[in-house]
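Below is one structure, written out as structure tokens; the observations come after it.
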Amino acid sequence: MRRSSTFARQVLLVRVGRRDGDLHTTDVALPEHRYAGRQRRRYGLDRLGRSSLEVGRADIEAVMPVSPALPHLAHADETPAGSIPLLPGERTIARRMKFGLVNACTLASLMLGMLAIFQAMQGEVRIAALCLIACVAFDGLDGALARRLGVASPFGAQMDSLADMCSFGLAAPVVVYASLAGSVSTAAAAVACALVAACAAIRLARFNVSPKDGRFFCGVPTTMAAAVLATTVAIGLPVPGFVLVAGVALLAFAMVSSFPYAKLARLVKLPPWLWLAPVIGALVDVRLTFALIVVGYLVSGPVLWLRQRHTA
């Protein structure tokens with residue numbers, strides 16, 4: 001029993017005194033065994049001709065407990081991972097200026113989103129909606145400039161996603177909530193706008209981790225959803241309040257749906273005669289034309305999804 005208690009104390013001393021996985025003679029002072037001067041062969045501890053200190057350390061190392069509560073100590077050959085540069089590639093003054101210009105557009109979108117919130121809190125919902133439309137313009141501009149100038153980076157992508165969450169995931173619901181005040185119940189407006197914020201967060205997170213498709217979006221993008229909401233408030237769509245609440249909730253669910261929606265680049269390539277009808281309709285009744293375009297775009301997702309399932 002005395003030998004086992006001494007051996008346990010040695011285990012604890014070695015466990016506390018270890019650093020970087022190495023045992024040094026200065027880390028722990030093993031007490032001299034009382035039977036060090038005798039022949040150890042009879043106890044089966046010195047069959048290979050090792051010294052008592054080597055035998056003790058080998059036994060301690062073999063039975064040394066490893067607690068999951070203790071942090072992992074890195075070995076000397078483990079080097080920390082290098083940091084990812086903000087601007088990959090050649091770091092010239094010209095490229096840095098281009099990089100700063102792109103991120104300035106992203107920050108401008110973020111600041112306009114904050115301004116939209118301030119204006120909505122003061123009751124200026126039309127001005128707040130125009131600020132959101134400007135957010136959409138700057139959000140499209142920063143991505144186009146990054147690809148055009150060759151300064152696209154992971155930092156810019158993450159910063160754009162955070163700015164989109166602030167401008168389109170938070171500012172847009174606040175503006176819509178302010179515009180619905182007085183026309184519908186407060187609870188209904190709050191629930192619909194909270195759905196927009198939650199679905200925008202899910203949509204942006206899913207977009208960051210999902211493989212990119214050059215033809216279609218998976219669900220309505222947050223930028224387009226915010227543009228629809230802002231334009232609806234700006235033009236004052238003459239529909240009942242409960243219809244607006246239902247439309248806001250439907251748009252929120254469309255963001256997190258799996259329906260394929262065509263990207264703007266594909267829409268631009270449509271035949272010119274197809275653009276003639278919206279232009280003429282906008283000259284006749286801009287509100288009705290806008291509502292028909294939004295409904296048509298939302299319906300296009302399920303139609304494309306059914307078509308893909310049929311052809312698969």
key: Residue pair L304, F259: steps toward the side-chain contact (heavy atoms from CB on, under 4.5 Å) verdict   = CA-CA 7 Å; L304 288 174; F259 296 136; over 6 Å; no
query = Would M255 and I202 satisfy side-chain contact (heavy atoms from CB on, under 4.5 Å), going step by step from the backbone distance to the final call?
reply = CA-CA 9 Å; M255 284 193 288; I202 296 173; over 6 Å; no
task = Please report the closest heavy-atom contact between V175 and A128, naming both atoms and the distance.
result = CG2-CB, 3.8 Å
task = Can you measure from OG (S167) to CE (M114) and round to the nearest 0.5 angstrom?
result = 9.0 Å
ask   = Would you call the rings of F99 and F155 parallel, tilted or perpendicular if under 30° counts as parallel and over 60° as perpendicular?
value = tilted
key: Between T106 and D142: side-chain donor-acceptor atoms closer than 3.5 Å   = yes
query = With a 4.5 Å limit on heavy-atom distance, are the side chains of W305 and P260 in contact?
reply = yes
inquiry  = Distance check, rounded to the nearest 0.5 Å: K98 atom NZ versus I93 atom CD1?
reply    = 13.0 Å
query = Can you find a pair of side-chain heavy atoms, one from L180 and one from S183, that are under 4.5 Å apart?
reply = yes
query = What's the shortest heavy-atom distance between A282 and T289, and which atoms?
reply = N-OG1, 3.3 Å
key: V196 with V228, same ILVMFWY side-chain cluster at under 4.5 Å   = yes
query = If you count the non-hydrogen atoms of other residues, nucleotides and ligands that lie under 6.0 Å from CZ in R206, is the total more than 12?
reply = yes
query = Between Y261 and Y297, is the gap from one ring center to the other below 6.0 Å?
reply = yes
key: CE-CZ distance between M224 and F168, expressed to the nearest 0.5 angstrom   = 11.5 Å
ask   = What distance separates C135 SG from L132 CG, expressed to the nearest 0.5 Å?
value = 5.5 Å
ask   = Please walk me through it: do L244 and T232 pass side-chain contact (heavy atoms from CB on, under 4.5 Å)?
value = CA-CA 9 Å; L244 285 176; T232 301; 4.0 Å; yes
inquiry  = Show, in sequence, the C-alpha distance, side-chain angles and deciding distance for L115 and Q119, and conclude whether the side-chain contact (heavy atoms from CB on, under 4.5 Å) test is met.
reply    = CA-CA 6 Å; L115 181 60; Q119 293 295 326; 3.9 Å; yes
ask   = Quick one: does NZ or CZ of K263 land under 6.0 Å from the six-membered ring centre of F216, within 45 degrees of the ring axis?
value = no
ask   = Mind checking whether V174 and C193 have side chains closer than 4.5 Å, heavy atoms only?
value = no
message = Testing the 3.5 Å rule here: is there a donor-acceptor pair between the side chains of T223 and D139?
response = yes
ask   = How close do V233 and S179 get, heavy atom to heavy atom, and via which atoms?
value = CG2-OG, 3.7 Å
Side chains of I133 and L130 in contact at under 4.5 Å (non-hydrogen atoms) = yes
Which atom of C218 lies closest to which atom of S258, heavy atoms considered = SG-CA, 3.8 Å
query = Looking at CG of N103 and CE of M159, how far apart are the two atoms once the value is rounded to the nearest 0.5 Å?
reply = 5.0 Å
task = Taking atom CZ of F138 as the centre, report whether more than 12 heavy atoms of other residues, nucleotides or ligands fall under 6.0 Å from it.
result = no
query = So how far is it from S257 OG to L251 CG, rounded to the nearest 0.5 Å?
reply = 10.0 Å
